[in-house]
Amino acid sequence: MATVPDSMIMVNGYSQPKDGKELECKDRIQVFLNEGREHPHLKSFTFSLGADGLVHWMARADSAEEYLAHLETIAGHIDRLADIRDLGRVEVIGPASELEKLKTNKYLTNAVYYETEGGW
């Protein structure tokens, strides 16, 4: 059985490209993935595209500190996305002690937080 650290953070997010910006949004996904490979703070980082153009992304980090390091690395890319997509729901899942460390980050202030009850 796989084990995960007690401090693991999971983040799920959704965004919708603005009209006429679908291809540019899709191209930016590769930028995010490349940046993540060059500065690996995460256990996993994936994107998927729905038939309706909705972009779903998932990130997993061993701790809030590692996720914050990831956000610092990609902050400039996130800021440039504001012109080409509308950010939807962001969900952050993890232990209460780790969630508290993330709530003041400007990219996560409107997120919905879920405290983990257990898992493996």
Side-chain angles (χ1 to χ4, degrees):
M1 179 182 320
T3 59
V4 297
D6 291 339
S7 57
M8 176 161 271
I9 294 295
M10 298 165 280
V11 182
N12 297 310
Y14 304 87
S15 63
Q16 185 72 44
K18 293 183 179 182
D19 288 339
K21 300 292 185 177
E22 295 82 4
L23 289 177
E24 190 174 350
C25 255
K26 191 171 182 177
D27 289 343
R28 292 288 177 110
I29 290 172
Q30 196 57 51
V31 172
F32 276 88
L33 292 173
N34 289 341
E35 192 71 34
R37 283 185 195 99
E38 290 179 31
H39 305 285
H41 301 288
L42 303 178
K43 300 304 281 182
S44 67
F45 191 35
T46 61
F47 286 87
S48 57
L49 299 171
D52 61 353
L54 186 69
V55 178
H56 173 254
W57 49 269
M58 293 184 296
R60 306 291 180 263
D62 280 344
S63 66
E65 289 82 6
E66 287 188 11
Y67 192 73
L68 290 170
H70 168 70
L71 288 178
E72 185 176 318
T73 298
I74 64 168
H77 300 297
I78 295 171
D79 293 338
R80 286 189 291 278
L81 284 176
D83 293 336
I84 63 171
R85 61 102 172 114
D86 294 316
L87 182 62
R89 185 177 175 97
V90 176
E91 304 164 336
V92 183
I93 302 101
S97 60
E98 295 297 300
L99 296 180
E100 286 304 315
K101 298 172 189 175
L102 299 171
K103 289 181 178 178
T104 59
N105 182 277
K106 74 176 188 175
Y107 300 112
L108 300 173
T109 54
N110 293 320
V112 178
Y113 289 86
Y114 296 95
E115 185 178 333
T116 51
E117 297 292 329
W120 53 267

Closest heavy-atom contact between [X] and [Y]?
| X | Y | answer |
| --- | --- | --- |
| Glu66 | His41 | OE1-O, 3.2 Å |
| Asp83 | Lys21 | O-CE, 4.5 Å |
| Leu42 | Ala59 | CD1-CB, 3.9 Å |
| His77 | Glu35 | NE2-OE1, 3.4 Å |

Let me have the donor-acceptor pairs involving side chains of residues 9-18, under 3.5 Å, with sequence neighbours excluded, atom names and distances please.
{"residue": "Gln16", "atom": "NE2", "partner": "Asp52", "partner atom": "O", "Å": "3.2"}
{"residue": "Lys18", "atom": "NZ", "partner": "Ala82", "partner atom": "O", "Å": "3.1"}

Less than 4.5 Å apart, side chain to side chain, heavy atoms only: is that true for [X] and [Y]?
| X | Y | result |
| --- | --- | --- |
| Leu102 | Leu71 | no |
| Arg80 | Arg28 | yes |
| Phe32 | Leu81 | yes |

For residues 86-94, which side-chain N or O atoms pair as donor and acceptor with protein atoms under 3.5 Å away, sequence neighbours left out?
{"residue": "Arg89", "atom": "NE", "partner": "Glu91", "partner atom": "OE2", "Å": "2.7"}
{"residue": "Arg89", "atom": "NH2", "partner": "Tyr114", "partner atom": "OH", "Å": "2.5"}

Could you give the distance from [atom1] ([X]) to [atom2] ([Y]), rounded to the nearest 0.5 Å?
| X | Y | atom1 | atom2 | value |
| --- | --- | --- | --- | --- |
| Ile29 | Glu24 | CD1 | CD | 12.0 Å |
| Ile78 | Lys106 | CD1 | NZ | 8.5 Å |
| Lys101 | Asn105 | NZ | CG | 14.0 Å |
| Phe45 | Arg60 | CZ | CZ | 11.0 Å |

When hydrophobic residues are tied together by side-chain contacts of less than 4.5 Å, even through go-betweens, does [X] share a cluster with [Y]?
| X | Y | answer |
| --- | --- | --- |
| Met8 | Leu99 | no |
| Ile74 | Met58 | no |
| Leu49 | Leu33 | yes |

Inset, instruction - Tell me, yes or no, whether the heavy-atom count around Asn110 atom CG, taken from other residues, nucleotides or ligands under 6.0 Å, exceeds 12. - result: no
Legend entry - Lys43 NZ: over 12 foreign heavy atoms closer than 6.0 Å: no
Inset, instruction - Could you list the residues that satisfy side chain to side chain contact (heavy atoms under 4.5 Å, CB included) with Asn34, not counting sequence neighbours? - result: Gln30, Arg37
Inset, instruction - May I ask you to decide whether Glu22 forms a salt bridge with Lys26, counting only side-chain N to carboxylate O separations under 4.0 Å? - result: no
Legend entry - Check: Glu98 side chain, Ser63 main-chain N or O, donor-acceptor pair, under 3.5 Å: no
